[in-house]
Protein chains: 2
Amino acid sequence: MAKAKTAIVKANTEEHIRARNEKMILKAAVELFSRKGFDGTRIAEIAQVSGLPKANVYYYFATKQAIYTRLIESLLAGWDKALEHISADREPREALAAYVAAKLEYSRKHTSESRLFANEMLGGGQFISRQQKQHVRAITRERAAVIQGWIKKGKLAPVDPNHFLIMLWATTQFYADFASVTAVTLGKGRLNGADFEEARKTIVEVVLNGAIAPMEPAKNSQRSLKIR
Amino acid sequence: MAKAKTAIVKANTEEHIRARNEKMILKAAVELFSRKGFDGTRIAEIAQVSGLPKANVYYYFATKQAIYTRLIESLLAGWDKALEHISADREPREALAAYVAAKLEYSRKHTSESRLFANEMLGGGQFISRQQKQHVRAITRERAAVIQGWIKKGKLAPVDPNHFLIMLWATTQFYADFASVTAVTLGKGRLNGADFEEARKTIVEVVLNGAIAPMEPAKNSQRSLKIR
DNA sequence: TATTTTCCTGACGATTTGGTCAAGTTTTTT
DNA sequence: AAAAAACTTGACCAAATCGTCAGGAAAATA
């Protein structure tokens, strides 16, 4: 029995004691970094929020930057998933709708991570390695190729694939990063599930079908294609 | 002549000496704040960039916050202009295209200000007064009403006006705030005029007409309206 | 049980930072 | 020209902050 007990304790501590504490630190850190940026965040505060003494935080992470870059890494790791919706074998209508939905969902559930990333971008991406940048660029290229494929098949209007992707990204990202403005704009304190659903519908509708009412009389028809 | 000379000197200094120095300080500050955020910016650095000794900066601005809020103010002051394009007496197609163009132009010319604002939003808008928030909300409501009017006249698809506006804002804003990502995505070092033009075209095209190719055969026609 | 490894933490140090001040210079006004 | 007002600045300070460290507690291993 003593043996069994030891095993249980072991399961809860060994390997776990470190994992658990690191997790707590990172959790506190992502929230603070995302709000206050790298410089604005005090590790004393990270320590306080995570319930550990400051020196203990330093036991697990050598420097403040170590915590930060660790977060950036794990963020980028989960970044690609939504983009996978944009695959060549799907119909653009369905794929794009799924992408928007997935991205918004991500924005809603991982608000802090999103903000952290935005913060990092605003700072010029100083803490993102060359490799990581190349990765972002690579997956963007892949997806741009898919879009280009759709266009060639006549399934999509001939827009610039890169800017189109940026547009989708920007729109969905916005709801995570600027939740405060968005809430103010909508006259609310906080965004709820219904707001995100309304956002999703609006974005999908506009991106797929455009904002101009399709049944509009050909009043300006002679100019309707001038834009492109 | 002595008199004339005095007058000239006066014009260049009196009233100007303050104006000029404040301008230099603010110019340096907006660049730094926009990159490093409020906490990340050292006023010693502001002083250095603006070429003044630190104590002199404090002669013109009582605190760091004073500089910051001053910038936020002047930013919001120039904020409404682009939105004015969305007016009830214009055709939506033309008005929206003009708005996107104007907003992108602003993003391009006032990159730092835009980033500063984004930074402030990420932080939750701590330094924006209640009045200023109300102002943002008020002008958004006005424009949402215009959009709603267009929809009622059948000129616009029945989308949520607020989310539609947010979408436009997000998309255009993105190019200022995340220029670094955008550049990486496009595989460039920096965005030039042509990039912004391509962005404009893409956004306008998608927002007005949608991404789905209009002449597509009615393959999925039975589902084509499912989304909304 | 003994020993080794991992974990914990209060106290401390070096440095940085926002902000002050007093003494001076330049400009404006009278 | 003299007095007043506006501007300039090197030196300084108190508080905050990142990171260190030594010594002890807990846990794993033998």
Side-chain angles (χ1 to χ4, degrees), chain A residues 1-26 28-29 32-33 35-71 126-127, chain B residues 1-26 28-30 32-33 35-71 123 126-127:
Chain A
M1 181 157 178
K3 212 173 183 179
K5 191 180 174 186
T6 307
I8 290 173
V9 169
K10 196 174 169 182
N12 280 337
T13 53
E14 178 233 10
E15 187 83 52
H16 275 22
I17 203 166
R18 176 168 214 109
R20 175 170 47 88
N21 282 345
E22 283 189 358
K23 200 177 290 179
M24 288 174 70
I25 294 170
L26 290 172
L32 290 167
F33 277 135
R35 279 289 179 207
K36 311 189 171 189
F38 182 78
D39 291 291
T41 300
R42 318 291 157 198
I43 58 173
E45 211 177 350
I46 293 180
Q48 198 201 337
V49 172
S50 54
L52 269 51
K54 195 182 64 170
N56 207 354
V57 171
Y58 274 102
Y59 175 72
Y60 289 108
F61 294 93
T63 65
K64 190 173 165 182
Q65 238 199 62
I67 305 180
Y68 190 84
T69 51
R70 174 84 155 263
L71 287 172
Q126 330 164 31
F127 294 103
Chain B
M1 175 144 187
K3 212 174 181 180
K5 190 181 174 187
T6 305
I8 289 171
V9 169
K10 196 175 168 183
N12 280 336
T13 55
E14 178 233 11
E15 187 82 53
H16 275 20
I17 203 165
R18 176 169 214 107
R20 175 170 45 87
N21 283 345
E22 284 190 356
K23 202 176 289 180
M24 289 174 70
I25 293 170
L26 290 172
V30 74
L32 291 166
F33 278 134
R35 280 289 178 207
K36 311 188 171 187
F38 182 79
D39 291 291
T41 300
R42 320 288 157 199
I43 59 172
E45 211 177 348
I46 293 180
Q48 198 201 335
V49 172
S50 55
L52 269 51
K54 195 181 65 169
N56 207 354
V57 171
Y58 274 101
Y59 175 73
Y60 289 107
F61 294 92
T63 65
K64 188 174 168 183
Q65 240 198 63
I67 306 180
Y68 189 84
T69 52
R70 173 84 155 261
L71 287 172
Q126 329 163 34
F127 295 102

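From a predicted model like this one, the values you see are computed outputs, not experimental measurements. Letters A, B, ... mirror the listed sequences (proteins, then strands); counts begin at 1.
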Output every pair passing side chain to side chain donor-acceptor pair (under 3.5 Å) with a member in residues 43-53 of chain B, not counting sequence neighbours, ordered by first then second residue.
B/K36-B/E45
Using atom NE2 of A/H16 as one end and atom P of C/dT6 as the other, report the distance to the nearest whole Å.
18 Å
Contact summary for A/I25 and A/V57, nearest pair of heavy atoms
CD1-CA, 4.0 Å
Indicate whether OP1 or OP2 belonging to C/dT6 is found under 4.0 Å from a side-chain N or O atom of A/R18.
no
Under 4.0 Å, heavy atom to any atom of DNA chain C: which of residues 38-62 of chain A qualify?
A/P53, A/A55, A/N56, A/Y59, A/Y60
Find the distance B/K64:NZ to C/dT16:P and express it as a whole number of Å.
16 Å
If you define the side chain from C-beta out and look only at heavy atoms, does anything of B/F33 sit under 4.5 Å from B/I67?
yes
In whole Å, I'd like the distance from the CD1 atom of B/I25 to the P atom of D/dC7.
11 Å
Could you list the residues that satisfy salt bridge (Lys or Arg N to Asp or Glu O under 4.0 Å) with A/R42, not counting sequence neighbours?
B/D39
With side chain to side chain donor-acceptor pair (under 3.5 Å) as the rule and sequence neighbours excluded, what pairs involving residues 58-69 of chain A come up?
A/N21-A/Y60, A/Y68-A/E120
Quickly work out the B/I17 CD1 to D/dA5 P distance and round it to whole Å.
17 Å
When the distance from CD of A/E22 to P of C/dC7 is rounded to whole Å, what number comes out?
9 Å
Looking at every heavy atom in both A/A66 and A/A62, which two are closest together, and how far apart are they?
CB-N, 4.4 Å
State whether B/N21 places a side-chain N or O below 4.0 Å from either non-bridging phosphate oxygen (OP1 or OP2) of D/dT8.
yes
